[in-house]
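Here's the structure we're looking at; comments come further down.
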Amino acid sequence: MDDDEEASRRTFELLANETRLGIISTLGEASGEGGYATLAFSDLQAATGVEDNGHFNYHLTKLVGEFIEEREGGYALTLAGIRAYQAIVAYRVTPEVEIEPFEFPHKESCVQCGGTIVARYTDGRFITECEECGTEELNYPVSVADFDPNDPESLLDAATRRMIRDESSMYNGVCPYCAGRVVWTVELPEGHWEESNLRGDAMAHGACTRCAWFLYGNVVGKIRHHPAISDFLSRHGYDPWTDPPWEEQYDFDHQVLDDDPVRVEVSYLADGECLEVTVDSDLVVLNYDIRLIEE
Ligand SMILES: [Zn+2]
Ligand SMILES: [Zn+2]
């Protein structure tokens, strides 16, 4: 076992106890607008709901130093304690939530068969797919806590927020889940166009070097948080920082200029203007230019 494994084994051992998780949750739940809470021993014990002094003190002592620190006035979460509380909240066991397929009018019909696109929620994922042939378009995790299961529109809002956050963070090289470094590569898979509804044949793959979380999709969509591109799109009525990723109000095109070294030119067209962007194999924007389109 190396040092990293030893450290994470210790972390999970410390957290694998109901009383200790309860103490961390209590301090997290007591926090709010004024910042993270500091609770006196007796208040913390009462709020955690443990009656036995010795039992409570034993578990609190185990957490002190790593997840909890003693301060003037009582006990507070350390940074690791805050992270643990965030993980508890994010992965809290929730009842099975399913949303039956409902019409998703935001996308054109299925590229494969012309069928109707529907959206649904299952196994913690927001999915859009063709009702007829089943071809999947979007598939993204959305937390149950972020929407109202009785209101499908709220699922679309939650998916929008989550996808924009993740895409912009990943594009900027930071994993939204573990804060690890993200590396992007541009791939030119042959035949991808035939196999899926993803538009275009230059694909961008961004992967976290620490936790392996990844995003995969057409280059056109994956670079829209570049300042020059988001400025251009915002000026023409589509804001990549707030508008749903599937409501692209612009025309786009792209062509592979070269495959060694990789050079892909992406064009965004709107209101008689064309923004041309060239990216390399690491999805780095090498240059961009706006020109007027002659009718
Ligand atoms: Zn279809
Ligand atoms: Zn990560």
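In this chain, numbering begins with 1 at the start of the sequence shown.
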Worksheet item: Can D146 and R162 be counted as an ion pair, charged N to O under 4.0 angstrom?
Response: yes
Practice prompt. Among L63, L39, L60, find the residue that satisfies the side chain to side chain contact (heavy atoms under 4.5 Å, CB included) test when tested with Y75.
Written response: L60
Determine yes or no for a side-chain-to-main-chain donor-acceptor pair under 3.5 angstrom, with [X] supplying the side chain and [Y] the backbone.
X    : Y    : value
T128 : L138 : yes
R20  : E13  : yes
S154 : D148 : yes
T78  : F67  : yes
S230 : P240 : no
S169 : R165 : no
D123 : R125 : no
W184 : M170 : yes
Q45  : E51  : yes
R210 : C178 : yes

Using a 4.5 Å cut-off on heavy atoms from C-beta on, say whether the side chain of [Y] contacts that of [X].
X    : Y    : result
L275 : S267 : no
L15  : L21  : yes
E273 : L292 : yes
K222 : V279 : no

Please say whether more than 12 non-hydrogen atoms of neighbouring residues, nucleotides or ligands are located less than 6.0 Å from [atom1] in [X].
X    : atom1 : value
F102 : CZ    : yes
F214 : CZ    : no
R181 : CZ    : no

Worksheet item: Have E98 and T122 got a donor and an acceptor in their side chains that come within less than 3.5 Å?
Response: yes
Worksheet item: Given the rule in the ring pair (Phe, Tyr, Trp, His ring centres under 6.0 Å) test, do Y36 and Y85 qualify, once you have shown the distances and angles that lead to the verdict?
Response: CA-CA 11 Å; Y36 283 94; Y85 177 63; 7.5 Å; no
Can you list, pair by pair, the side-chain donor-acceptor contacts under 3.5 Å of residues 281-288, counting residues two or more places apart and other chains?
| unit_1 | atom_1 | unit_2 | atom_2 | d |
| --- | --- | --- | --- | --- |
| N287 | OD1 | T278 | OG1 | 3.2 |

Which atom names give the shortest non-hydrogen contact between [X] and [Y], and what distance separates them?
X    : Y    : answer
N150 : P152 : O-CD, 3.6 Å
S31  : L27  : OG-O, 2.8 Å
G221 : E167 : O-OE1, 4.1 Å
V97  : P149 : CG1-CB, 3.8 Å
I99  : R120 : O-CB, 3.3 Å
E69  : L77  : OE2-O, 4.2 Å

Practice prompt. Please check if the distance between the ring centroids of W246 and Y140 is under 6.0 Å.
Written response: no
